[in-house]
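Below is one structure; the comments refer to it alone.
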Amino acid sequence: MNLILYGHDFHYEMEALCRLFYPLQPIHVIEKGSSLGEQSEDDPITAYTGIHPENGKIKLTASLQIGEKKETAEDFFHAKDPAFFGDEKERQLAVLLFGLLEKACGFTPRWGLLTGVRPVKLFRRLTEAYGEQKASQYFREAYLVSPEKISLASKTMHREEKILAQNSPRDFSLYLSVPFCPTRCAYCSFVSSSVEKTMKLIPEYVELLCKEIEAAAKQAEKLNLHLVSVYMGGGTPTTLTAQQLDEVLSCVKRSFDLSFCREYTVEAGRPDTITPEKLAVLKKCSADRISINPQTLNDRILEVIGRRHTAKQTREAFLMAREAGFENINMDLIVGLPGESVESFYNTLNTLLEWAPESITVHDLALKRSSRLYQEGKIQEDAAAASVMLDYADRVLPENGYAPYYLYRQSRMVGNLENVGFAKPGFESPYNVFIMDESQHILGCGAGAVTKLCVPQKSGQRIRRIFNFKYPFEYISRHEEILERKEQVGKLS
Ligand code: SF4
């Protein structure tokens with residue numbers, strides 16, 4: 001697809017909008033009058049957005065050409081709307097292009113023009129500024145969000161508020177990254193390394209991760225911060241052996257005061273990595289919440305997506321965790337998996353409801369171009385089915401005592417939908433809420449981890465980020481630099 005821009009620099013928004021409708025197509029962006037991009041002559045689809053002065057006014061134009069057929073929409077720029085946080089010209093131009101794409105593709109994205117990761121955060125900012133009724137109206141009329149998604153944003157916002165109200169400026173969360181998995185799922189684009197190739201790196205990784213945890217603890221102490229949540233993610237942290245897990249989690253216990261901690265989560269994502277020994281280590285080291293992720297309970301689909309476990313193994317892992325005393329278990333599902341029917345998803349969700357974990361997170365499959373599914377041409381996007389599945393989850397989970405408490409979106413999701421965490425009252429993960437709201441310090445340790453510090457300013461707050469190297473090999477070979485970067489934490493208050 002060619003995307004031509006003229007007289008504006010809304011490159012990011014216009015491209016994101018085109019991607020809602022053409023998630024897998026390469027988009028060639030051409031800025032008229034600049035040297036950016038080259039038009040692909042072979043591509044049958046060309047979108048144009050331009051801003052031109054005309055008779056003392058500002059004219060906005062969008063057009064969409066598919067083969068020989070071309071449609072155009074025009075409008076004049078209206079007075080600035082005070083409720084809008086960005087550039088109103090950008091929004092009005094997006095409305096024109098959205099209308100053309102919607103008509104050509106016969107599909108209306110239910111989040112309308114919104115392409116960002118955190119729609120609930122935007123909804124809250126509008127609510128704080130203008131009240132919830134106006135925020136809803138603005139979502140509907142300005143961003144073209146569907147009533148169902150506005151209702152979801154509102155419910156999620158109210159649930160989040162209770163958790164955010166507990167936050168104090170001296171609180172922080174600790175994130176531990178273990179970017180290893182037993183095998184790579186076919187839909188994954190994560191930097192996670194398969195242990196088949198990188199098993200030999202793990203012992204050194206564990207040792208250096210402990211050093212970084214100790215360094216982070218010193219910085220937290222310097223700033224007089226209180227640790228309120230620990231989240232060990234990945235990857236699949238339970239790829240580590242029981243002994244390696246013990247090394248890392250004992251180091252956390254030694255290095256930090258856990259008495260303020262409201263949550264200690266370990267992602268035990270792949271059921272085939274869970275053993276009674278590992279669960280005993282987690283318990284011993286104070287982890288109180290784990291995530292066991294079936295994604296689906298359909299064995300045929302599990303095979304297609306390259307997960308080397310069965311529904312039966314998931315059930316066994318769940319019972320094993322209950323047996324080990326875990327009373328706060330999350331389970332992740334994905335809608336939009338290739339070949340999965342609506343009925344199959346209903347069966348999976350209904351079975352999970354019988355098992356009754358404390359929280360269920362429903363993800364919409366993200367169509368990643370670096371995933372094996374994409375590379376092998378096996379992605380089949382069925383936006384309508386994914387939408388029906390999410391609607392079912394939005395309906396039956398609340399009927400069974402779960403409420404949405406955090407929500408985020410990614411680019412290239414099937415049908416441009418969302419990921420939603422549902423939890424029984426009192427079992428929400430504060431970490432998930434804080435990471436979405438970006439209102440709490442997070443000290444990240446491990447490959448790919450990002451430390452985020454909320455630095456107060458006169459006009460609100462600014463987030464300072466300190467990045468770790470992404471890949472385990474770099475993390476190990478350049479660990480001195482990682483420790484130097486950690487030193488910056490204490491200087492940033
Ligand atoms: S478990 Fe998660 S991180 Fe690991 S390969 Fe699968 S999708 Fe990727």
Side-chain angles (χ1 to χ4, degrees), residues 175-199 201-202 205 209 231-241 244-245 265-275 278 290-299 301-311 313-314 317-318 321 329-340 348 360-376 378-379 386 408-414 419 421 429 431-432 435 444-450 468-473 475:
Y175 178 76
L176 308 170
S177 165
V178 180
F180 301 97
C181 291
T183 56
R184 194 173 166 86
C185 304
Y187 53 82
C188 184
S189 65
F190 185 63
V191 293
S192 167
S193 313
S194 153
V195 286
E196 284 160 350
K197 289 186 196 147
T198 54
M199 180 75 88
L201 295 181
I202 292 182
Y205 184 86
L209 180 59
Y231 197 101
M232 188 187 219
T236 306
T238 41
T239 303
L240 304 186
T241 63
Q244 289 161 341
L245 278 171
T265 294
V266 174
E267 281 197 31
R270 302 273 286 256
D272 47 336
T273 61
I274 300 173
T275 65
K278 293 181 194 178
I290 59 169
S291 195
I292 302 171
N293 303 329
Q295 314 302 17
T296 171
L297 292 176
N298 181 324
D299 284 345
I301 306 292
L302 282 169
E303 207 177 318
V304 171
I305 60 174
R307 307 263 299 183
R308 279 201 205 147
H309 61 84
T310 59
Q313 276 173 296
T314 306
F318 178 77
I329 301 178
N330 172 69
M331 301 191 101
D332 279 3
L333 295 179
I334 301 180
V335 305
L337 289 171
E340 176 140 59
T348 292
I360 297 177
T361 308
V362 186
H363 295 262
D364 179 26
L365 180 69
L367 307 165
K368 300 293 181 186
R369 291 170 72 181
S370 56
S371 67
R372 186 158 59 78
L373 279 181
Y374 179 82
Q375 307 280 337
E376 293 175 0
K378 288 187 186 154
I379 279 187
Y408 70 101
R409 297 168 68 227
Q410 293 163 277
S411 64
R412 298 191 170 96
M413 297 178 96
V414 174
N419 304 322
S429 151
Y431 177 84
N432 284 334
I435 192 120
C445 296
V450 183
N468 279 5
F469 296 115
K470 247 183 174 183
Y471 298 99
F473 178 74
Y475 179 80

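All of these numbers come straight from a predicted model, not from anything done at the bench. First listed ligand is number 1; within each ligand, the first listed atom is number 1. Just so you know, residue 1 is the first one in the sequence shown, and it goes up from there.
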Are the side chain of Asp299 and the backbone N or O of Ala311 linked by a donor-acceptor pair below 3.5 Å?
yes

May I ask whether Gly235 places a heavy atom under 4.0 Å from ligand 1?
yes

List every atom of ligand 1 that sits less than 4.0 Å from any heavy atom of Thr236, numbering the atoms from 1 in the order shown and giving each element.
1 (S)

Residue set satisfying side chain to side chain donor-acceptor pair (under 3.5 Å) with Glu303, at least two apart, ordered chain then number -> none

Contact flag Cys181/atom 4 (Fe) of ligand 1, N/O/S atoms, threshold under 2.8 Å:
yes

Counting from 1 in the order shown, the ligand 1 atoms closer than 4.0 Å to a non-hydrogen atom of Cys185 are 1 (S), 5 (S), 6 (Fe), 7 (S)

With a 4.5 Å heavy-atom cut-off, do Phe318 and Ile329 have their side chains touching?
yes

Contact between ligand 1 and Thr183 is defined here as a heavy atom of the residue under 4.0 Å from a ligand atom; is it met?
yes

For Ala317, side chain to side chain contact (heavy atoms under 4.5 Å, CB included) partners two or more places apart:
Pro271, Ile274, Ile292

Give the ring-plane orientation class for Tyr175 versus Tyr231, where under 30° counts as parallel, over 60° as perpendicular and anything between as tilted.
parallel

